[in-house]
Amino acid sequence: MLAYTAKRLLTLIPTLLAASALVFLFVHLIPGDPASILLGDTATAEEVAQLTREMGLDQPLWVQYFVWLGNVLQGDLGTSVFFKTPVLSVIAAGAETSILLACMTMVWIVLIGVPIGVLSATMHGKWVDQVTSGGAMLAASIPTFWLGLYLIFIFSVGLGWFPSSGFPSLSDDGGLANLRYLVLPSLTLAAPNAALIIRLVRASMLDVAREDHVRTARAKGLHPANVAIKHVFRNALIAVAAAFGFTFAALISEAVVTETVFSLPGIGRLVVQSILRRDYPVIQGVILVIVVLYMVINLLVDLAYARLDPRVSLK
Amino acid sequence: MALLEVENLHIAVSVGGVLQPVVRGISFTVDDNETLGIVGESGCGKSMTSLAIMGLLEGTPVRITDGSIRYDGTELLQLSSKQRRAIMGNRMAMIFQEPMTSLNPVYRIGDQIIESLRQHKSISKKAARARAIELLDLVRIPNPSERVDSFPHQMSGGQRQRVMIAMALSCDPKLLIADEPTTALDVTVQKEVLELMSDLQERTGTAIIIISHDLGVIAETCDKVSVMYRGKIVEAGTTENLFERLAHPYTRGLLNSIPVVDHDVEWLEAIPGRVPTLGEELSGCAFHPRCPIATGLCIAKTPGDTYIAGNHAVKCHYADQVAS
Amino acid sequence: MSVLKLMPSALAGRKLATIGFLWLVLVLLAAVFAGVIAPFDPLELDPVNRLAEPGWPHLFGTDHFGRDTFSRALYGARMTVIIGVGSVVVALLSGGLIGMLSAYFTKLGHFLMRGVDVLMAFPALLMALVLITLLERSVANTIIVIGIVYATTTARILYGMTLKLKNEVFVDAAVCSGASHRSILFRHILPNLISPLLVQASFIFAFAQLQAAALDFLGLGLPPEVPSWGNMLSEERIYLTRAPWLLLYPGLLIILSVFSMNLVGDALRDNIDPRFKDDISGV
């Protein structure tokens with residue numbers, strides 16, 4: 001297991017380097033002089049000249065990359081043009097919202113996706129299965145922002161059950177009760193993903209149910225529910241757990257739309273606003289953070305996968 | 001009363017809502033300490049028969065349309081699913097053709113044996129584990145106290161089949177059904193597994209049904225043989241009687257398709273023609289299109305049982321001629 | 001099996017997928033004949049009649065500029081088809097070529113597929129946002145961005161499928177008969193991949209609609225004056241409480257079209273070579 005982990009970590013490094021190089025190059029791909037791009041339209045000629053020196057823009061590109069990478073590794077992601085504060089602190093400010101939103105969404109995905117997927121698989125071919133798997137495909141076809149807007153229309157404006165926008169920190173007045181601000185956003189974000197999980201749980205369970213060892217389990221005289229959970233679902237879980245990980249990793253960036261609909265102060269909305277504000281240091285920083293997170297979570301998924309499937313760890 | 005009595009069993013598979021007969025009225029019995037071999041080509045209905053006895057047809061498109069299966073005097077076909085499950089894996093156990101895929105890859109083999117034990121016996125986890133190790137030792141897995149924690153993928157095909165046997169024997173079943181238990185194994189391993197099953201039978205007195213397409217396997221291990229063709233038993237008898245005077249052209253065909261080096265092959269080496277498809281209706285004897293001695297009578301009239309010696313029964317109009 | 005015969009056999013006995021297919025045909029007709037059918041100019045402002053309820057002559061009502069929603073929806077169908085087909089073409093051409101060449105020429109493949117791996121480290125929507133930052137808002141750029149995003153997955157899929165085919169006897173036979181690399185790739189391997197490609201195309205088409213609508217909504221997609229279903233939703237969202245139907249129609253149109261495409265893709269997938277079935281994942 002330890003060797004496997006080490007091996008996977010090693011393969012991650014070149015990809016991480018290449019991805020970070022792409023993120024670094026991003027600023028250089030924007031037409032114009034990088035220093036003035038990073039400082040924004042309001043910068044004076046002196047400031048531009050100073051940053052040009054600091055960044056070593058007169059140096060070859062690969063030297064600049066390593067200087068930049070060195071800064072990044074020390075936690076220096078540059079300064080926001082718009083906020084005039086370090087990019088890292090701008091991102092950190094959105095972290096609470098984004099992480100809580102992702103976690104709450106994940107809870108919905110598991111709570112909705114798994115039981116309905118199992119139900120659909122065990123009722124294979126019956127009307128319950130047709131309705132749930134068809135419904136899941138329909139749910140995956142709904143644009144999230146549209147769903148979010150109508151949830152606001154019904155549950156905030158109409159019924160007044162949940163707030164329609166914003167999210168005060170849990171450390172503000174209200175404490176944990178502030179989580180109600182995230183109910184509609186997390187449901188919105190969960191819908192298409194839960195739909196995918198339903199389809200995946202169903203398909204994986206149907207695949208496993210055809211395997212010989214399930215017949216062996218039935219021949220032991222186990223209760224059908226026991227066979228379905230302990231043998232069929234447990235084995236299907238290998239594929240499903242991987243999907244959970246990938247979904248979670250993708251949630252931070254998928255939240256871009258949802259956070260915009262519900263005006264949540266998260267990292268996703270920060271990306272969009274920074275793009276509209278042409279705040280390139282922040283864009284660059286956020287992309288880097290999300291990509292690294294995405295890759296690290298995917299690595300963790302791979303490791304979890306090895307734990308779930310004993311056949312993997314030996315290889 | 002025999003331990004297992006199958007009478008006039010009819011099985012059909014539903015294809016697009018139409019029931020196609022697969023097994024067309026077979027009867028046989030198995031006693032304690034007895035081994036019955038059921039032999040035939042693939043598609044003859046032998047595997048369906050074993051699944052029907054075991055009770056594993058639920059949830060498949062296969063239905064038992066008529067007949068009776070009595071175990072220890074109890075009519076199995078009238079039991080509820082729950083009552084069947086209490087017998088399944090307990091009084092009656094089964095091992096399957098594919099040892100490589102018949103064990104769940106994500107659980108340790110010990111846990112899979114323990115699961116079977118604890119399903120039917122109120123026994124502590126610790127005691128169940130000790131019993132699992134004992135069972136692994138019984139099926140001659142070396143180092144059982146270590147191998148009990150192995151995963152299936154860490155074992156060879158032959159070892160996995162032994163584990164399957166250990167699992168099947170965990171609750172001391174009175175009847176063991178083995179569906180092509182050695183087909184997927186190497187020849188040398190085949191022999192070991194068959195010997196193991198015979199040895200275990202001597203110790204425990206378990207009745208065994210071996211399903212196989214291989215007449216050689218059957219001849220070596222069984223007390224009685226039933227030869228199935230197209231859903232019917234065309235020849236049945238004790239192994240001794242039957243092999244002394246094979247009286248059905250089909251059985252002869254099966255035997256002669258096994259190459260024997262120092263023998264003059266006097267008849268066909270392979271049975272000509274093909275196994276008729278499921279929906280195909282054949283008049284008279286179903287074997288007539290492939291039979292080297294078929295006559296107009298065989299096409300016109302379905303043969304009944306002809307008795308050669310004692311209980312050696314043959315469904316062939318010309319059984320006496322074939323036998324002599 | 002030819003592509004034309006593929007559709008009827010995939011749809012046989014599948015009512016929902018058949019309805020989906022018919023809906024897509026309807027969208028295509030609307031796209032082609034939008035100029036003829038549309039009762040109003042989709043860009044014509046009519047401030048007096050703003051936020052009119054659905055009825056006559058404005059079937060779907062009017063938006064906050066008084067533009068006819070029905071006519072805009074018809075032209076939106078045109079955008080749907082253009083964006084969908086465009087993204088599919090970009091994704092299949094670039095990704096497909098990279099995947100096939102990588103599988104066929106192993107050394108080049110090692111290099112190219114590592115590049116694809118790096119690009120796949122970027123979540124789809126984030127990658128679209130990064131690319132869009134570098135480009136102007138235009139129809140062509142939206143197509144390019146979405147096409148590139150799905151080119152990576154397409155490359156992966158085609159890489160796997162070509163690898164499987166490469167070891168087939170018929171490829172060996174072609175090699176032995178002295179066929180050129182180009183002929184082997186495009187005359188022997190590619191024809192076997194047509195139907196899986198069609199499945200992949202339908203899923204990309206469906207995903208592209210959702211991505212394009214999301215970009216429109218964020219104000220980073222098509223230019224605001226282009227009548228697309230996504231832009232209609234984006235512009236009218238503040239009128240949700242006053243005129244809920246303004247968001248209902250374009251939303252339902254998107255959902256129906258994406259759902260239909262997914263249904264058709266699903267039906268097609270059940271009909272392709274079972275070897276490739278697990279390679280393509282749709283919804």
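Throughout, a chain's letter reflects where its sequence line sits, starting with A, and its residues are numbered from 1.
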Margin query: Please determine whether the number of non-hydrogen atoms from other residues, nucleotides or ligands lying under 6.0 Å from atom OH of C/Tyr249 exceeds 12.
Written below: yes

Note to self: Is it true that, when you exclude C/Glu136 itself, more than 12 heavy atoms of the residues, nucleotides or ligands shown sit nearer than 6.0 Å to its CD?
What the structure shows: no

Among [options], who wins on heavy-atom pairs under 4.5 Å with chain A?
options: C/Leu263, C/Leu135, C/Leu248; result: C/Leu248
options: C/Leu215, C/Leu16, C/Val130, C/Leu119; result: C/Val130
options: C/Leu247, C/Ile254, C/Asp117; result: C/Leu247

With a 4.5 angstrom heavy-atom cut-off, which part of [X] approaches chain C: side chain, backbone, both or neither?
X: A/Tyr280; answer: side chain
X: A/Thr11; answer: backbone
X: A/Leu149; answer: both
X: A/Phe26; answer: both
X: A/Val291; answer: both
X: A/Leu276; answer: side chain
X: A/Ile287; answer: both

With a 4.5 Å heavy-atom cut-off, do [X] and [Y] have their side chains touching?
X: A/Phe145; Y: C/Leu210; answer: no
X: C/Phe122; Y: A/Leu22; answer: yes
X: A/Val257; Y: C/Leu125; answer: yes

Under a 4.5 Å heavy-atom cut-off, does chain A meet the side chain of [X], its backbone, both or neither?
X: C/Ala121; answer: both
X: C/Leu220; answer: side chain
X: C/Met120; answer: backbone

Check: Which heavy atom in A/Ala18 sits nearest to a heavy atom in C/Val118, and how many Å separate them?
Finding: CB-CG2, 3.4 Å

To the nearest 0.5 Å, what is the distance between [atom1] ([X]) and [atom2] ([Y])?
X: C/Leu126; Y: A/Tyr294; atom1: CG; atom2: OH; result: 10.0 Å
X: A/Ile275; Y: C/Ile132; atom1: CD1; atom2: CD1; result: 8.5 Å
X: A/Arg269; Y: C/Leu218; atom1: CZ; atom2: CG; result: 12.0 Å
X: A/Ile290; Y: C/Met127; atom1: CD1; atom2: CE; result: 14.5 Å

Check: Between C/Asn262, C/Val258, C/Ile255, which is the residue that forms a side-chain contact (heavy atoms from CB on, under 4.5 Å) with A/Leu138?
Finding: C/Ile255

Check: Can you tell which of A/Thr144, A/Val261, A/Ile152, A/Asn298 has the highest number of heavy-atom pairs within less than 4.5 Å of chain C?
Finding: A/Val261

